[in-house]
Novice: 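Sharing a structure, written as structure tokens. Questions coming.
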Amino acid sequence: MKKFVWVLCTLVVFFMACTGKNGSDGDREEAFQVNQIVEQSDTLTNEDVEEALPARADELFDDFMFNYSKDSTVQMRRTSFPLPYFRGQEKSDIARSDWKKDPMFSDMEFYSVLYNHPSDNQMEKDTAVNRVQMEYLYLDKMEAKRYHFLRNPKGFWILYKIVEEPLDEQRDPVAFLQFYAKFANDSVFQREHVAERLNFITFDPDDEFRTVECDITVDQWFAFRPDMPKHQLTQVNYGQSTEGVTDKIINFRSGTTGFNNTLTFKRVEDSWMLTSFEDTSE
């Protein structure tokens with residue numbers, strides 16, 4: 001146990017060093033919280049962490065998350081208990097004996113990931129990413145439920161806290177989420193915010209290894225459009241860039257059915273227009 005605590009404490013020092021002397025108060029507070037959580041942890045052992053999953057499953061967060069969401073044993077061994085649970089300013093702790101298997105995205109027909117730049121999706125394949133938040137974004141209430149994961153210096157992903165809180169304009173795309181909620185629920189509003197000639201990309205029906213690209217009309221969009229979540233989006237936050245944002249990209253995907261649709265919205269004054277629709281479902 002002492003060895004495991006030492007390893008995670010080393011992680012805290014590592015993250016604090018990464019923020020540098022000029023790191024924000026939020027960075028320092030988060031590092032302190034991680035340190036406190038590690039010191040309070042009374043269930044994880046180094047053997048638990050190593051045996052829960054093969055090492056290759058920890059290389060990418062997506063691979064880890066697939067196993068974590070489906071396997072109750074992995075959840076028990078890759079969660080730092082007692083697990084801090086924050087509801088606004090109120091904090092409680094979930095004991096190991098009280099934990100119920102959380103299906104995360106695995107019980108959903110498909111889930112969503114939001115990007116600000118087309119290149120952001122490369123972060124999913126970046127093995128240097130060490131902190132990820134898996135989030136539910138509730139559009140009706142403009143609130144979020146965030147699962148905070150970190151990867152320790154030995155390479156093991158661990159859930160270390162859950163936070164429920166109002167969306168924060170400093171880090172959440174609140175204005176876009178408000179727009180999307182209306183876009184998904186109001187067909188008249190949706191029609192007004194689809195480009196007259198919408199770029200459409202899909203697989204070539206004669207060659208499944210090639211894609212074809214063309215423009216479609218607004219009426220064709222309504223014929224081809226995917227089912228869009230109306231009240232809730234999900235997000236996997238790898239640390240996507242927020243600088244120079246002129247686009248918002250939503251990828252709807254399923255890890256089991258091959259469903260994969262991407263919508264690209266461009267900023268137009270104080271709103272957005274859907275300019276591209278990509279359907280590369282298998």
Side-chain angles (χ1 to χ4, degrees), residues 1-16 26-55 57-58 61-108 111 129-138 141 143-168 232 234-238:
M1 181 64 191
K2 290 182 179 178
K3 181 178 178 182
F4 177 69
V5 171
W6 180 87
V7 168
L8 279 184
C9 284
T10 301
L11 175 66
V12 174
V13 175
F14 169 76
F15 282 128
M16 292 180 71
D27 292 332
R28 287 189 286 270
E29 181 181 356
E30 176 71 2
F32 176 77
Q33 289 176 352
V34 173
N35 189 34
Q36 293 292 99
I37 291 163
V38 169
E39 290 179 352
Q40 294 170 4
S41 175
D42 61 5
T43 59
L44 276 175
T45 68
N46 209 43
E47 290 74 20
D48 282 335
V49 174
E50 290 177 346
E51 293 174 3
L53 285 172
D58 279 297
F61 178 79
D62 281 10
D63 294 338
F64 161 77
M65 194 64 213
F66 177 81
N67 289 280
Y68 186 91
S69 65
K70 290 182 172 294
D71 193 321
S72 58
T73 300
V74 173
Q75 289 193 13
M76 296 298 285
R77 293 181 174 178
R78 291 302 190 87
T79 301
S80 180
F81 294 108
L83 180 69
Y85 197 122
F86 296 86
R87 290 182 176 88
Q89 300 300 315
E90 297 182 3
K91 175 181 177 291
S92 59
D93 293 315
I94 301 176
R96 182 184 180 94
S97 58
D98 294 330
W99 178 259
K100 302 286 192 300
K101 179 178 178 291
D102 192 326
M104 306 284 187
F105 296 167
S106 65
D107 67 344
M108 302 175 66
Y111 63 97
V129 171
N130 288 312
R131 303 187 77 162
V132 175
Q133 293 177 24
M134 193 221 80
E135 305 172 342
Y136 294 101
L137 306 175
Y138 302 110
K141 301 181 292 183
E143 294 179 354
K145 182 178 182 180
R146 311 183 202 269
Y147 295 73
H148 291 247
F149 292 87
L150 61 81
R151 178 160 52 184
N152 71 17
K154 295 188 70 173
F156 305 127
W157 285 104
I158 298 168
L159 173 65
Y160 71 93
K161 73 174 177 179
I162 300 175
V163 179
E164 289 187 21
E165 60 189 355
L167 294 179
D168 181 353
Q232 171 187 299
T234 58
Q235 168 69 327
V236 184
N237 190 337
Y238 304 93

Novice: Salt bridge check, Glu135 against Lys145: does any charged N sit closer than 4.0 Å to a carboxylate O?
Specialist: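 Looking at Glu135 together with Lys145, the answer is no, because their closest N to O distance does not fall below 4.0 Å.
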Novice: Going by atom types alone, do Asp102 and Tyr147 pair a side-chain donor with an acceptor below 3.5 Å?
Specialist: yes
Novice: Hey, what do you get for CG (Asn237) to CE (Met134), rounding to the nearest 0.5 Å?
Specialist: 11.5 Å
Novice: Under a 3.5 Å distance rule, please check whether Arg151 uses its side chain to pair with a backbone N or O of Val129 as donor and acceptor.
Specialist: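 Judged by distance alone, yes, a pair lies under 3.5 Å.
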Novice: So, for Phe149 and Phe61, is the gap between ring centers shorter than 6.0 Å?
Specialist: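 Yes, close enough.
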Novice: Show your reasoning for whether side-chain hydrogen bond (donor to acceptor under 3.5 Å, both in side chains) applies to Tyr111 and Gln235.
Specialist: CA-CA 8 Å; Tyr111 63 97; Gln235 168 69 327; over 6 Å; no
Novice: Could you give me the CA-CA distance, side-chain angles and deciding distance for Trp99 and Met76, then say whether side chain to side chain contact (heavy atoms under 4.5 Å, CB included) is met?
Specialist: CA-CA 8 Å; Trp99 178 259; Met76 296 298 285; 3.5 Å; yes
Novice: Go through the steps for Ser69 and Phe105 under the test side chain to side chain contact (heavy atoms under 4.5 Å, CB included), then give the verdict.
Specialist: CA-CA 7 Å; Ser69 65; Phe105 296 167; 5.8 Å; no
Novice: Checking the side chain of Trp157 only, and the main-chain atoms of Asp58 only, is there a donor and an acceptor separated by less than 3.5 Å?
Specialist: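 At least one qualifying donor-acceptor pair exists.
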Novice: Would you compute the distance between atom NZ of Lys141 and atom CG of Leu167 and round it to the nearest 0.5 angstrom?
Specialist: 10.5 Å
Novice: Do you see a donor-acceptor pair shorter than 3.5 Å between the side chains of Glu143 and Tyr136?
Specialist: no
Novice: What's the separation between atom CG in Leu137 and atom CZ in Arg146, rounded to the nearest 0.5 Å?
Specialist: 7.0 Å
Novice: Going by atom types alone, do Thr79 and Tyr68 pair a side-chain donor with an acceptor below 3.5 Å?
Specialist: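 Judged by distance alone, the side chains do pair up.
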Novice: If the condition is ring-ring contact (aromatic ring centres under 6.0 Å, His included), which residues does Phe66 pass it with, not counting sequence neighbours?
Specialist: none
Novice: To the nearest 0.5 Å, tell me how far Lys70 NZ sits from Met104 CE.
Specialist: 13.0 Å
Novice: Give a yes-or-no answer on whether the side chains of Tyr238 and Asp62 include a donor-acceptor pair shorter than 3.5 Å.
Specialist: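 A donor-acceptor contact under 3.5 Å links the two side chains.
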Novice: Quick check for you: to the nearest 0.5 Å, what is the distance between Gln75 atom CD and Leu83 atom CG?
Specialist: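 Reported to 0.5 Å precision, the distance equals 11.0 Å.
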Novice: Tell me, with the steps shown, if Met108 and Thr234 meet side chain to side chain contact (heavy atoms under 4.5 Å, CB included).
Specialist: CA-CA 10 Å; Met108 302 175 66; Thr234 58; 3.8 Å; yes
Novice: A side-chain contact here means heavy atoms from C-beta on lying under 4.5 Å apart; do Asn152 and Ile158 qualify?
Specialist: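 Heavy-atom side-chain distance check passes, below 4.5 Å.
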Novice: So does Ser80 get a backbone contact from the side chain of Lys161, meaning a donor-acceptor N/O pair under 3.5 Å?
Specialist: no
Novice: Within the side chain of Arg87, is there an N or O that forms a donor-acceptor pair under 3.5 Å with the backbone of Glu165?
Specialist: no
Novice: I'd like to know if Asp93 and Lys91 make a salt bridge, using a cut-off of under 4.0 Å between side-chain N and carboxylate O.
Specialist: yes
Novice: Return the CG to OG distance between Asn67 and Ser106, rounded to the nearest 0.5 Å.
Specialist: 11.0 Å
